[in-house]
2 protein chains.
Amino acid sequence: MTISADPTPPEDPDQAPAPTSRRELNKAATRQAITDAALALLRTSGPGNFTVEDIADAAGISRRTFFNYFGSTDAALASVTHGFLDNAIQQFKLRPADEPVLQSAQEALMALADPMTVAPLAELFTLTQQSSLMSHSELEAWDHCREQITEVARGRAAATPGAVDELYLRALAGSVISCGKAAMEVWFSRRGADLSPASLAELRHLLIDAMALLGSGFTTGTSPAPSSSASRPS
Amino acid sequence: MTISADPTPPEDPDQAPAPTSRRELNKAATRQAITDAALALLRTSGPGNFTVEDIADAAGISRRTFFNYFGSTDAALASVTHGFLDNAIQQFKLRPADEPVLQSAQEALMALADPMTVAPLAELFTLTQQSSLMSHSELEAWDHCREQITEVARGRAAATPGAVDELYLRALAGSVISCGKAAMEVWFSRRGADLSPASLAELRHLLIDAMALLGSGFTTGTSPAPSSSASRPS
DNA sequence: TCACGCTTTTACACTACGTGCAAGTTTGCA
DNA sequence: TGCAAACTTGCACGTAGTGTAAAAGCGTGA
């Protein structure tokens with residue numbers, strides 16, 4: 001599996017600003033090979049129908065090495081989700097500190113509603129057939145994201161006078177995550193793995209609507225349902 | 001483990017309206033013995049430091065029988081959470097159909113903020129030292145509760161004209177659960193397993209505040225923090 | 001009281017998971 | 001080139017979870 005030393009060292013020195021040593025390249029490649037193999041097996045065999053050994057064989061590594069990278073099959077698959085959410089957090093952190101958290105979340109999610117970014121997540125979702133409850137590692141990824149949001153919100157709140165309300169931070173971050181998940185779940189249930197522009201536009205609307213619902217305190221109550229998203233052509 | 005037939009049959013016939021045959025009594029007793037044993041081991045050995053075999057031995061059953069009742073150690077412990085949340089759902093369903101969902105949730109939770117009901121959950125929480133991410137079974141319990149809330153909300157919305165907004169239902173139910181969890185987390189982090197009246201009063205306030213935050217759309221924004229709960233003597 | 005059918009428990013076997021360990025291999029660096 | 005650190009691998013071990021068939025417990029009717 002390891003890449004034997006390349007006899008031609010040139011490889012554009014101005015193209016690798018990051019500390020990309022051969023070690024790190026190998027590790028990254030192995031990591032990718034594992035998730036690719038896991039995803040391929042998920043496609044062909046279905047969830048729960050393949051073992052760690054299967055993944056290791058397909059990735060060309062030993063079973064033991066697999067466990068050096070991931071703690072379980074689920075963890076390997078959840079790296080897809082992790083990647084997506086890390087991306088989301090990155091966008092989130094870029095938002096101006098004086099922007100309301102809900103709007104920051106909305107904007108961050110908007111930046112990710114493009115085909116290339118959403119595709120892996122959408123496939124994972126459909127392949128695991130939204131089995132209601134995600135895997136442990138999948139949930140860990142979302143929870144990690146929630147904690148990140150909490151921290152950012154805490155940092156913003158700290159800039160204002162008065163004690164930081166821990167309940168406010170946690171309730172808000174948790175709700176943002178829940179609403180984000182809800183929007184994605186509805187999208188997947190409506191469009192499957194459809195990544196067409198129209199479908200992605202609907203995803204964006206769902207995300208916006210979800211955050212709007214949260215921001216309005218779900219005031220549609222039991223009365224009419226003027227919100228939207230129930231019918232939006234594009 | 002099984003209870004040998006009781007030689008004295010009398011046992012008040014008017015006191016057992018439920019179909020409590022000896023079989024069901026044995027099953028219930030075994031189930032209870034398992035969770036008790038698991039909880040005891042959690043207390044003495046700490047999380048992750050005992051096996052299914054340990055639990056089975058302590059409960060006086062075989063390892064195989066344990067798996068007839070629970071799918072894992074976590075599941076056995078999560079029966080505590082399951083019991084609490086089932087109770088909550090029951091209270092929730094009793095609320096009038098024309099009441100706003102958020103208020104129903106608030107009222108249902110109020111009914112459970114008493115020492116006897118909260119104690120087991122509080123102990124479980126402290127023993128697992130709020131390890132940030134709950135066990136899979138624990139999360140399953142919360143998710144089941146979320147689904148129940150969704151269904152109740154759907155039923156209420158169906159009584160009104162217009163199509164039911166799936167996003168609204170899911171986002172609301174998810175947020176309610178998140179806020180409930182947030183309130184409990186803050187409570188546990190502040191008071192540990194303190195079940196004094198003052199502590200429980202604070203729990204009630206936290207739950208009320210959490211639902212209020214949700215109902216107001218977290219409008220405290222980045223400005224002041226007039227909400228409350230940050231300081232409440234009793 | 002007994003005998004018959006159904007349910008539950010149990011022992012056994014088996015596959016797979018996850019980890020510690022020590023030996024072998026690759027990489028970074030002087 | 002040679003050494004030290006990092007990485008991979010095979011092996012062994014304990015544990016998780018499940019299928020299966022035999023044994024024990026329970027309900028019911030004669």
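To find a chain, count down the sequence lines: A is the first, B the second, and so on, and within it residues start at 1.
- Taking 4.5 Å as the limit, some side-chain heavy atom of A:S175 sits within range of a side-chain heavy atom of B:F218.
- In the region residues 50-58 of chain A, proximity to DNA chain D at under 4.0 angstrom, judged on heavy atoms, holds for none of the residues.
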Pull out every protein N or O sitting under 3.5 Å from an N or O of nucleotides 1-3 of chain D, one pair per line with the distance.
none

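- Taking only distance into account, the side chain of B:R64 meets the base of D:dG19 through a donor-acceptor pair shorter than 3.5 Å.
- Residues meeting the side-chain contact (heavy atoms from CB on, under 4.5 Å) test with A:S196, sequence neighbours left out: A:R191, A:D194, A:A198, A:S199.
- When the ring pair (Phe, Tyr, Trp, His ring centres under 6.0 Å) test is applied to A:H136, no partner is found at least two apart in sequence or on another chain.
- As rounded to whole Å, 14 Å separates atom C1' of C:dA11 from atom CD1 of B:I61.
- Contacts with DNA chain C (heavy atom under 4.0 Å) in residues 66-76 of chain B: B:N68, B:Y69, listed by number.
- A heavy-atom distance below 4.5 Å is found between the side chains of B:R204 and B:M110.
- For the pair A:R170 and A:E166, the salt-bridge criterion is met [side-chain N within less than 4.0 Å of a carboxylate O].
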With a 3.5 Å cut-off and sequence neighbours excluded, list the donor-acceptor pairs that the side chains of residues 76-90 of chain A form with protein atoms.
| from | atom 1 | to | atom 2 | distance (Å) |
| --- | --- | --- | --- | --- |
| A:S79 | OG | A:A76 | O | 2.8 |
| A:T81 | OG1 | A:E138 | OE1 | 3.2 |
| A:T81 | OG1 | A:E138 | OE2 | 2.8 |

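- As rounded to whole Å, 13 Å separates atom C1' of C:dG28 from atom CG of A:L25.
- For the pair B:R156 and B:F92, the cation-pi test (distance below 6.0 Å, angle within 45°) is passed.
- Side-chain contact between A:L207 and A:Q106: absent, with no pair of heavy atoms (C-beta onward) separated by less than 4.5 Å.
- Rounded to an integer number of Å, the gap from CD1 of A:I34 to P of D:dC7 is 13 Å.
- An OP1 or OP2 oxygen of C:dT10 is reached within less than 4.0 angstrom by a side-chain nitrogen or oxygen of B:S62.
- Contact of A:R23 with C:dT27 (side chain to base): a donor-acceptor pair of N or O atoms is detected under 3.5 Å.
- Under the 30°/60° scheme for interplanar angles, the aromatic rings of B:F188 and B:F125 are found to lie parallel.
- For the pair A:N26 CG and C:dT26 P, the computed distance is 11 Å after rounding to whole Å.
- Atom CZ of B:R63 is separated from atom C1' of C:dC14 by 11 Å (rounded to the nearest Å).
- Ion pairing between a basic and an acidic side chain is recognised when a charged N comes within 4.0 Å of a carboxylate O; A:E24 and A:K27 show no such pairing.
- Side chain to side chain, A:R64 and A:N68 meet the donor-acceptor criterion of an N or O pair below 3.5 Å.
- Between the CD atom of A:E24 and the C1' atom of D:dA6 there is a distance of 12 Å, rounded to whole Å.
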